[in-house]
There are 2 protein chains.
Amino acid sequence: MDGVTHTRTTRLERGRGALGPALELVHTGRAPTRAVLTSELGVTRATAGAVAAELEALGFITVDAHPTAAAGTQGRPSHRLFIAEQGPVVLAVQIHADGYRVALVGLGGRIVATTSGCGTIPADPAHILSEAVRAGSGLLRDSGRRCLGAGLAVPSAVAEPDGEALNPLHLAWPAGAPVRRLFLRALTEAGVPGVTPDVGFSGNDVNLTALAEHRHGAGRGARDLLCVASGHRGVGGALVLDGRLHSGSSGLALEVGHLTVNPEGAPCHCGSRGCLDVEADPLAFLGAAGRPPGPEGSLLKQATDLLREEYADPSIRAAGELLIDRLGLGIAGLVNILNPDRIILGGLHRALLEADPERLRAVVADRSLWGRSGSVPILPCTLDHNGLVGAAELAWQPVLDDPLIVLGAEATG
Amino acid sequence: MDGVTHTRTTRLERGRGALGPALELVHTGRAPTRAVLTSELGVTRATAGAVAAELEALGFITVDAHPTAAAGTQGRPSHRLFIAEQGPVVLAVQIHADGYRVALVGLGGRIVATTSGCGTIPADPAHILSEAVRAGSGLLRDSGRRCLGAGLAVPSAVAEPDGEALNPLHLAWPAGAPVRRLFLRALTEAGVPGVTPDVGFSGNDVNLTALAEHRHGAGRGARDLLCVASGHRGVGGALVLDGRLHSGSSGLALEVGHLTVNPEGAPCHCGSRGCLDVEADPLAFLGAAGRPPGPEGSLLKQATDLLREEYADPSIRAAGELLIDRLGLGIAGLVNILNPDRIILGGLHRALLEADPERLRAVVADRSLWGRSGSVPILPCTLDHNGLVGAAELAWQPVLDDPLIVLGAEATG
DNA sequence: CGTGTTTTGTTCATGTCGGATACAAAGCCA
DNA sequence: TGGCTTTGTATCCGACATGAACAAAACACG
């Protein structure tokens with residue numbers, strides 16, 4: 001029927017009709033049935049039916065043959081749409097202080113297969129990237145799935161457009177390592193296919209956490225989503241605007257670690273004092289609690305364990321409240337500048353929020369300018385492996401923008 | 001029985017083809033000829049020709065009948081596109097501390113006619129809005145132009161979605177005055193037509209300055225544009241992302257006045273100390289210069305006159321450098337958070353930049369995190385009446401999004 | 001139990017929009 | 001004057017969404 005089609009994309013490219021929006025609805029779990037798809041897209045049943053048929057033909061979804069009627073509804077039951085069991089995936093790689101993790105991630109942010117490697121990260125980024133990509137390539141072979149792209153998360157700000165890791169914190173990597181290029185080369189050498197010639201995206205892990213949570217977690221439905229998180233050392237931030245990551249003109253936006261939250265605070269390597277980076281990270285909490293970091297477990301784990309298990313201890317509680325107050329001050333400043341409609345917190349900050357939700361919300365409300373802004377919801381992150389899922393989102397994005405590009409790339413797993 | 005559904009326009013509305021983008025190109029001066037329009041839109045000559053013909057039929061543009069060849073070019077000379085001489089306009093109103101100003105603004109941000117009224121602003125916003133709108137209505141009658149909408153600029157943060165002036169600085173208005181509703185009512189009573197039922201938009205004046213400069217001034221071509229300005233008291237900010245004003249989820253974004261730039265500084269009404277609002281506005285400069293404000297001339301005028309005429313005086317220079325350092329600190333913080341690709345300064349800050357451009361750029365580069373971010377261009381605003389032009393942009397926006405809506409509204413000036 | 005009612009899915013004719021191509025027009029250059 | 005280059009236009013066609021009519025699959029109710 002509808003043939004091979006498709007000439008050139010114009011510069012007015014609107015994302016090729018309703019296919020892209022439809023796939024995005026499926027991806028974010030907002031299209032459980034054809035009927036919902038119809039209303040969400042705002043098109044006629046005819047169009048939604050055609051779109052669903054095309055998504056099925058492309059292998060993204062399956063439609064149940066014999067729908068069961070939901071209880072208490074009238075009319076003909078709508079066919080349900082499922083993400084295809086053996087549908088395409090993307091390869092996601094995350095580098096962290098203790099090693100790497102690789103996953104195949106399907107539509108809907110579903111982790112299909114995952115593996116990881118531990119050990120100290122060598123000084124040459126190419127080594128660990130190659131190792132991770134080879135591991136991912138093995139997962140791909142085993143799964144028999146088609147791969148549409150790959151994404152990378154690193155614990156560093158990533159400069160656009162070249163994809164250089166500017167401050168690879170707590171890795172032995174040189175500053176400015178061209179991680180995107182190295183990742184691309186590793187993919188090419190391992191023979192990992194993709195849908196576009198420039199397959200392979202990279203991004204700093206807090207940015208990707210925000211993206212993942214926006215699509216599949218605590219940020220669902222938010223228009224302007226602010227994410228603040230502290231994993232190991234330092235504090236990171238990210239902003240999703242209208243469903244797109246705002247990473248600034250050169251990829252360096254939301255470096256929130258150097259907001260001043262304690263004028264008499266500790267000196268920071270940025271030259272100032274009392275930056276969020278040194279006042280509200282796990283090390284700062286352990287210091288305030290009078291528990292110097294021990295050898296076992298990451299700083300984050302030590303700090304969150306303390307918060308979760310010993311918050312009754314007055315000195316721990318005092319340290320927690322101190323950090324909450326500092327964090328709240330920083331967040332209030334961000335609220336005044338960005339006026340997001342939701343804030344989500346990860347890592348240590350999630351644990352702080354869960355230890356005493358009211359205090360943090362009160363501080364933010366108190367220090368942000370307008371009462372209305374003070375009522376912005378503050379929630380904990382909810383996804384596992386959200387950095388990894390976020391890296392996958394980067395790779396999925398071109399497919400969501402135009403699902404038909406998969407026709408151009410011939411590749412099988 | 002069937003098919004009653006789907007009266008409404010599709011939610012996929014992409015802005016009706018290439019017409020909107022084409023009008024926007026004309027509006028921003030990037031479509032001088034049909035040939036340029038063709039390449040800028042990325043469509044075929046046939047399409048661009050049809051689009052230009054339609055814009056001409058709608059009365060937005062005129063096409064010269066006998067193009068003159070540009071020197072040194074080969075081939076058939078392209079017909080030039082002009083904004084129609086007697087084309088439609090929008091009504092722009094700006095309220096400021098000393099009165100109001102009204103203008104008819106055509107495509108391209110061209111002020112076609114303007115008038116103003118002086119005097120103290122009465123406590124009831126409805127009065128001055130009515131007076132201004134009546135003056136604008138008179139301008140419209142005299143001009144004989146068709147009016148497509150109206151926009152309002154006020155010196156206050158404006159809360160969305162209701163359009164309330166939260167902090168009408170230096171006006172006797174009550175906080176929370178529903179200026180959008182009052183403006184709409186004044187428009188209706190004066191019989192000013194528009195293209196949509198909810199004609200009439202309002203916005204804080206720094207936001208609108210940013211919008212105007214982005215479209216027609218120093219911000220042309222920037223993708224992420226940050227604007228910081230200080231007019232009378234306090235400091236305002238605004239951000240344009242991808243050509244759209246980012247005003248936050250409730251219209252309160254970029255309230256940059258309460259960034260801390262001097263931990264030992266003066267107390268601010270927000271409860272903190274050393275906020276940009278009280279450390280880098282005209283009053284702060286006059287105080288630092290040892291010149292208490294005099295009775296004649298606005299604070300802004302007194303401050304900028306001092307900067308422009310007496311910068312050789314060491315005490316004036318010292319005060320200027322002090323404010324530049326504080327401003328630079330605040331801007332550096334914003335650069336770290338927003339990573340814009342251009343910054344423009346208005347009001348006092350423009351004068352500070354012009355007094356010593358290198359110092360400000362050096363401070364920002366020094367305090368922003370990455371050298372690359374430090375190289376962000378910092379420019380002075382260039383437009384006259386940029387708040388007024390920005391208010392007009394708000395009114396033009398629906399037309400730029402879909403030029404065909406003018407067909408639905410029957411109205412003549 | 002059969003008949004309406006409601007909701008969903010599909011088929012087909014229609015219309016709009018932009019692309020592709022061929023051709024015409026309007027200037028340079030020799 | 002005849003190429004050469006660039007721009008504008010006429011015509012055809014494909015892509016895609018609409019709208020209406022029809023078919024299908026459930027429930028409601030006498």
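Just so it is clear, the values below take in all heavy atoms, side chains as well, and ignore hydrogens, waters and symmetry mates. Labels below follow one simple rule: chain letters A, B, ... track the order of the sequence lines, proteins then strands, and each chain is numbered from 1.
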Under 4.0 Å protein heavy-atom contacts per nucleotide of nucleotides 24-30 of chain D, with B for base, S for backbone only and - for none: BBSSS--

Proximity to DNA chain D (any heavy atom under 4.0 Å), residues of residues 24-34 of chain A only: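 Within this stretch, nothing sits under 4.0 Å of the strand.
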
N or O in side chain of A:T44 less than 4.0 angstrom from D:dA17 OP1/OP2: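 Checking A:T44 against D:dA17: no side-chain N or O falls below 4.0 Å of OP1 or OP2.
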
Under 4.0 angstrom between B:S78 side-chain N/O and D:dG8 OP1 or OP2: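 The answer is yes; a side-chain N or O of B:S78 sits under 4.0 Å from OP1 or OP2.
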
[X] versus [Y], closest heavy-atom pair with distance:
X: A:N207; Y: A:A238; answer: OD1-CB, 3.1 Å
X: A:F201; Y: A:A395; answer: CD1-CA, 4.1 Å
X: A:A218; Y: A:L379; answer: O-CD1, 3.8 Å

Side-chain H-bond candidate by donor/acceptor type, B:H216 with B:E393, under 3.5 Å: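 A donor-acceptor contact under 3.5 Å links the two side chains.
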
Touch class at under 4.0 angstrom, heavy-atom based, for A:T47 against every strand present: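 The answer is base, as A:T47 lies within the cut-off (heavy atoms under 4.0 Å) of a base atom.
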
Sugar-phosphate only, base, or nothing, as touched by A:A46 at under 4.0 Å among non-hydrogen atoms: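 Counting heavy atoms under 4.0 Å across all strands, the contact made by A:A46 includes a base.
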
Can you measure [X] atom [atom1] to [N] atom [atom2] for me and round it to whole angstrom units?
X: A:L41; N: C:dG9; atom1: CG; atom2: P; value: 13 Å
X: A:E54; N: D:dA15; atom1: CD; atom2: P; value: 11 Å
X: A:H79; N: C:dT10; atom1: NE2; atom2: C1'; value: 11 Å
X: B:R80; N: D:dT7; atom1: CZ; atom2: P; value: 15 Å

Closest to the B:R45 side chain, choosing from C:dG19, C:dT8, C:dC23: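 Of C:dG19, C:dT8, C:dC23, C:dC23 is nearest to the side chain of B:R45.
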
Pair B:D242 + B:R223, salt bridge at N-O below 4.0 Å: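 B:R223 and B:D242: salt-bridged.
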
Basic-acidic side-chain contact under 4.0 Å: A:R180, A:E160: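 A salt bridge is present here (some side-chain N lies under 4.0 Å from a carboxylate O).
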
Helical bend (five base pairs per end, nearest 10°) for the helix from C:dC1-D:dG30 to C:dA30-D:dT1: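 Its terminal axes enclose an angle near 10°.
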
Roughly how far apart are [X] [atom1] and [Y] [atom2], rounded to 0.5 Å?
X: A:L140; Y: A:R145; atom1: CG; atom2: CZ; value: 10.0 Å
X: A:R244; Y: A:S247; atom1: CZ; atom2: OG; value: 11.0 Å
X: B:L400; Y: B:R215; atom1: CG; atom2: CZ; value: 6.0 Å

Mutual orientation of the aromatic rings belonging to A:H27 and A:W396 [parallel < 30°, tilted 30-60°, perpendicular > 60°]: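 Ring orientation, 0 to 90° scale: tilted.
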
Reference residue B:L55; test side-chain contact (heavy atoms from CB on, under 4.5 Å); the match among B:L23, B:L81, B:L107: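 Of the listed options, the one satisfying the test is B:L23.
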
